[in-house]
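Chain identifiers are assigned alphabetically (A, B, ...) following the order of the sequence lines, protein sequences preceding nucleic acid strands; residue numbering begins at 1 within each chain.
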Amino acid sequence: MNTNSHPEKIFIGVSWPYASDKIHLGHLAGQYIACDVFARYHRLKGNDVLMVSGSDCHGTPILLKAEKENISPEELVKKSHKQILETYKNLGLLYENYTSTMTENHKEVVHNIFLVLKERGYLYESTSQQYYDMKVNRFLPDRYVIGTCPECGNTNARGDECPKCGAYLSVEDLINPRSTLSDVKPELRETRHFYLDLKKLEPKLDKWMKESSKNWRKWVRESSKGWIRGGLKPRAATRDMKFGIEVPVDGWEGKVIYVWIEAVIGYLSAAIEWAQNIGEPSKWEDFWKDKDCKHFYFIAGGNTQFHTIIWPAELMGYSEKYGDDTLWEKYKLPGETKGEKLNLPFDVPSNKMLMYKGRKMSKGDSHMLTADELYEKYGADLTRFFFIRFAPENHDREFSWDDLVSTNNHELVANIGNFVNRTLTFAYSKFNKTVPNGQWDEGVKKNIDSTFKEVGECIEEVKLTKALQSILKLGDFANKYFNDRAPWIDIKGNKERAKDTLFNAIQLTNALRILLRPFTPFGCKKLSELLNIRDEYDANDVLVQKGLVEKNIDTWVYEEIEGEKELNKPEILWEKIEI
RNA sequence: CGCGGGGUAGAGCAGUGGCAGCUCGUCAGGCUCAUAACCUGAAGGUCGUUGGUUCGAAUCCAACCCCCGCAACCA
């Protein structure tokens with residue numbers, strides 16, 4: 001059932017996990033749960049949602065890790081991709097298309113964009129000196145060169161920064177440079193690269209950001225403006241490497257497109273792939289060219305400038321092809337029919353960092369807890385609930401097992417779960433396994449309606465923690481209502497009043513079920529069964545490749561459960577954690 | 001003086017000009033339908049520091065202190 005007569009179009013781009021390892025808790029806190037809650041809400045509301053992402057498969061760290069494990073980079077990527085999908089499935093993270101940067105389609109779209117940017121003069125060639133390791137036959141990114149810090153004499157300063165004195169260094173400043181890959185002294189060699197001319201796009205970016213960033217989170221907006229204020233520098237768009245998407249220009253063999261120039265293009269290529277998958281190759285234009293389609297990018301702190309500066313810059317430069325007949329004919333994207341510009345980000349709800357033991361989690365030195373560890377121990381709903389309840393939306397947060405246990409026992413279990421259970425067991429045992437036929441209490445009705453309104457507004461503004469708190473407030477209200485009305489006393493002498501109480505308590509239960517669907521879909525699915533509501537929507541039907549994900553039976557307007565409906569035998573939705 | 005965020009009760013946080021709030025924890029009481037869950041009440045704060053603007057400042061301005069993130073392919 002879908003009563004939304006004016007569906008909105010919502011495009012959601014989720015930052016691409018790097019296919020070198022499993023998903024860890026920082027990823028969950030950063031974006032992978034928030035995006036799913038947001039998407040589920042909009043689908044529930046009856047909006048057309050296209051949420052895409054994929055595995056980011058290229059780059060030096062994958063190459064090095066593969067070498068270390070003595071497998072090919074392709075094998076490593078394949079393994080990681082599979083693990084990521086498994087985690088998504090377990091947690092019920094649902095995409096219209098989750099793909100990877102290894103597809104032919106992605107390569108084609110990347111080449112198309114690269115060449116248009118080049119033709120429009122946003123990519124220029126330049127040569128520079130870079131360290132080269134003769135032993136492993138490879139150019140070295142700055143961080144793979146260590147040496148003596150010219151400021152403090154620390155002998156283990158990195159090419160970009162001295163960890164001891166904090167000085168920001170240029171790699172050529174290092175005294176006695178050594179390669180971290182082979183420990184040999186690298187030599188400076190001349191190399192040629194393309195650079196993305198961000199300086200040239202700066203005025204356009206500046207204007208766009210001033211107009212568009214008003215609704216962004218403060219820290220995202222301010223730091224993005226700060227980068228522009230500080231002046232944008234050209235960024236290398238290619239690298240000396242063999243693993244990746246080759247540069248589509250003669251004489252550039254052996255070089256690939258820099259992974260962050262390339263990976264963000266995945267938001268577009270994954271939408272194109274989705275359209276092909278559903279057999280309507282032009283369908284992606286509904287999301288990328290309809291000016292009313294809002295684009296949300298769910299990412300985490302460290303990637304902010306790629307989504308507020310670099311990706312918009314690429315899109316702006318690329319969109320100049322639409323004013324040029326020659327380019328338009330020459331560089332059509334797969335399935336492209338309309339000569340309209342591509343949409344820019346509407347919001348980039350980036351989260352801050354989740355800290356673990358005082359510092360951020362990192363794949364680099366295995367300072368992390370994997371998503372699977374948490375899932376295996378506590379299941380999908382609590383994992384999801386926790387990372388929304390304690391999301392680092394505006395500042396960093398320390399991950400804490402105490403918070404996790406506390407929020408489970410006090411909020412998910414005692415507040416919501418217990419209310420549902422006391423209501424259902426009461427109705428089941430005292431009212432002959434049915435919903436008692438009672439009268440609405442106006443206060444209850446009003447509270448349900450205003451909670452739907454408030455939660456909806458919060459989610460649409462991507463204030464998910466606040467949305468969840470609002471739901472918990474309804475849970476508080478529900479428990480208080482039950483307590484104040486004391487139906488266990490009425491049942492002995494004033495059964496009509498008890499009937500009304502339970503009727504309203506059941507409505508509150510059902511309201512909580514719908515409100516929580518985006519957050520804890522598994523428990524809500526179970527609750528549907530207890531309430532004897534037909535619910536074929538599979539909470540972890542992940543990666544629907546064909547068509548938009550099937551819409552829910554529910555809507556975001558509360559519909560009452562009629563009296564005398566039969567109930568199923570109550571069961572516990574969420575278990576308390578004993579310490 | 002690189003850019004940015006944060007500093008509010010024991011802990012975690014909300015609060016952007018009008019009586020300092022929420023959750024947990026602590027203490028006391030109530031209830032017994034419910035997963036020892038639920039409800040009521042109490043204690044607990046110099047809102048980082050100093051100065052300024054204002055009838056009025058946690059909130060606006062200035063200076064300073066402390067914590068954190070951002071340069072690499074770190075979410």
Side-chain angles (χ1 to χ4, degrees), chain A residues 14-18 20 23-32 56 58-64 141-145 158-161 168-169 171 217-227 229-230 233 239 258-260 263 298-306 350-355 358-365 367-368 389-390 392 394-398 400 402-403 406-407 409-411 413-415 417-427 429-430 465-466 469 472-473 476 478-484 486-489 491 498 501-502 505 570 572-576:
Chain A
V14 185
S15 75
W16 293 43
Y18 198 54
S20 66
I23 298 281
H24 63 67
L25 298 192
H27 297 100
L28 298 184
Q31 68 278 62
Y32 297 127
D56 177 6
H58 298 131
T60 308
I62 281 178
L63 215 50
L64 296 177
D142 289 354
R143 72 156 152 165
Y144 291 111
V145 183
R158 292 178 315 201
D160 52 353
E161 183 194 8
Y168 292 113
L169 307 173
V171 68
R217 286 179 187 164
K218 184 180 172 184
W219 80 269
V220 176
R221 180 178 63 241
E222 292 307 316
S223 49
S224 297
K225 283 180 172 174
W227 288 315
R229 213 181 310 127
K233 294 188 196 78
R239 298 218 111 185
Y258 180 79
V259 80
W260 259 114
F298 282 78
I299 64 166
N303 289 333
T304 305
Q305 63 172 295
F306 292 105
S350 173
N351 277 353
K352 285 274 192 176
M353 293 285 172
L354 183 76
M355 315 295 284
R359 60 193 179 94
K360 66 182 179 176
M361 295 195 195
S362 158
K363 286 180 181 175
D365 58 359
H367 179 68
M368 63 179 206
R389 183 69 182 77
F390 291 91
N394 296 306
H395 44 80
D396 297 334
R397 242 185 215 273
E398 174 73 20
S400 144
D402 287 351
D403 285 344
S406 170
T407 198
N409 290 353
H410 292 284
E411 298 182 323
V413 171
N415 180 329
N418 183 55
F419 172 72
V420 168
N421 193 44
R422 73 199 291 205
T423 297
L424 293 182
T425 50
F426 199 100
S429 63
K430 301 291 196 298
T465 299
K466 202 173 164 195
Q469 280 170 340
L472 289 168
K473 248 162 70 187
D476 276 341
N479 274 308
K480 185 166 155 47
Y481 176 79
F482 203 99
N483 234 67
D484 291 349
W488 57 90
I489 294 170
I491 196 73
T501 304
L502 264 294
I572 299 291
L573 296 179
W574 299 291
E575 298 282 348
K576 191 176 169 178

Using heavy-atom distances to pick each residue's nearest nucleotide on RNA chain B, tell me which of Arg239(A) and Ser406(A) is more 5'. Ser406(A)
Base, sugar-phosphate alone, or nothing: which one does Pro487(A) contact when heavy atoms must sit under 4.0 Å apart? nothing
Could you measure between the two P atoms, the one in U59(B) and the one in A20(B), and give it in whole Å? 13 Å
Whole-angstrom distance between G52(B) and C1(B), as gauged at atom P: 29 Å
Between atom CH2 of Trp260(A) and atom NE2 of His58(A), what is the distance when rounded to the nearest 0.5 Å? 14.0 Å
Distance, rounded to the nearest Å, where Phe306(A) contributes CZ and A75(B) contributes P: 12 Å
CH2 of Trp574(A) to CG of Asn418(A): how many Å apart, nearest 0.5 Å? 11.5 Å
Pairs under 3.5 Å (Watson-Crick or G-U), crossing ones as [ ], inter-strand ones as |: RNA chain B comes out as .(((((((.[[[[.)..(..]]]].(((((.......))))).....[[[[[..)....]]]]])))))).....
With heavy-atom distances below 4.5 Å as the criterion, would you say the side chains of Leu573(A) and Asn421(A) are in contact? no
Any Phe419(A) side-chain heavy atom under 4.5 Å of Thr423(A) side chain: yes
Minimum side-chain heavy-atom gap Thr304(A)-Trp227(A) below 4.5 Å: yes
What interatomic distance, in whole Å, is found between C1' of G45(B) and the corresponding atom of C13(B)? 14 Å
Just jot down the salt bridge (Lys or Arg N to Asp or Glu O under 4.0 Å) partners of Arg389(A), sequence neighbours excluded, or say none. Glu411(A)
If I take atom CG from residue Leu354(A) and atom NE2 from residue His27(A), how far apart are they, to the nearest 0.5 angstrom? 11.5 Å
In whole angstroms, the gap separating P of A34(B) from CG of Leu502(A) amounts to 12 Å
For nucleotides 35-44 of chain B, 5' to 3', base contacts (B), sugar-phosphate-only contacts (S) and non-contacts (-) with protein non-hydrogen atoms under 4.0 Å give B-SBSS----
Suppose you measure atom P in C55(B) against the same atom in G69(B); what distance do you get, rounded to whole Å? 43 Å
When all nucleic acid strands are considered with a 4.0 Å heavy-atom cut-off, which category describes Gly26(A): base, sugar-phosphate, or nothing? base
Value in whole Å for how far the P atom of A75(B) lies from OH of Tyr18(A): 10 Å
Would you say Arg229(A) reaches G4(B)'s phosphate, i.e. side-chain N/O to OP1/OP2 under 4.0 Å? yes
Please measure how far the C1' atom in A9(B) lies from the corresponding atom in G5(B), and state the result in whole Å. 24 Å
CE of Met353(A) versus P of G6(B): gap in Å, rounded? 16 Å
Once side-chain contact (heavy atoms from CB on, under 4.5 Å) is applied, do any residues pair with Asp402(A), and if so which ones, sequence neighbours excluded? Ser400(A)
Contacts under 3.5 Å, N or O only, protein and nucleotides 11-13 of chain B:
| unit_1 | atom_1 | unit_2 | atom_2 | d |
| --- | --- | --- | --- | --- |
| G12(B) | O2' | Arg397(A) | NH1 | 3.0 |

First locate atom CG of Asn351(A), then atom CG of Leu28(A), and finally report the distance between them rounded to the nearest 0.5 Å. 11.5 Å
Whole-Å C1' distance, A63(B) and A72(B): 36 Å
Output the rounded distance in Å from NZ (Lys352(A)) to C1' (G6(B)). 8 Å
With rounding to whole Å, what would you report as the distance between G44(B) and U35(B) at their C1' atoms? 31 Å
Atom CG of Asn394(A) and atom C1' of G15(B): how far apart are they, to the nearest Å? 12 Å
For the atom pair OG (Ser406(A)) and CZ (Phe390(A)), what is the distance rounded to the nearest 0.5 Å? 6.5 Å
Atom-to-atom span, CD of Glu222(A) to P of G2(B) - whole angstrom: 18 Å
By salt bridge (Lys or Arg N to Asp or Glu O under 4.0 Å), Lys233(A) pairs with (sequence neighbours left out) none
Centroid distance under 5.5 Å and plane angle under 30°, Phe426(A) vs C33(B): no
Nearest-nucleotide pick for Phe482(A), side chain only, options being G4(B), U23(B), C33(B): C33(B)
Could you give the distance separating U32(B) and U23(B) at their P atoms, to the nearest angstrom? 25 Å
I need the minimum non-hydrogen distance between Tyr481(A) and Ala505(A), along with the two atoms involved. CE2-N, 4.5 Å
Applying a 4.0 Å non-hydrogen cut-off, can you work out what Asp402(A) is touching in the nucleic acid: base, sugar-phosphate, or nothing? nothing
How long is the straight-line distance from CG of Leu502(A) back to CZ of Phe426(A), given to the nearest 0.5 Å? 5.5 Å
Nearest whole angstrom, please: distance from the P of G4(B) to the CH2 of Trp227(A). 10 Å
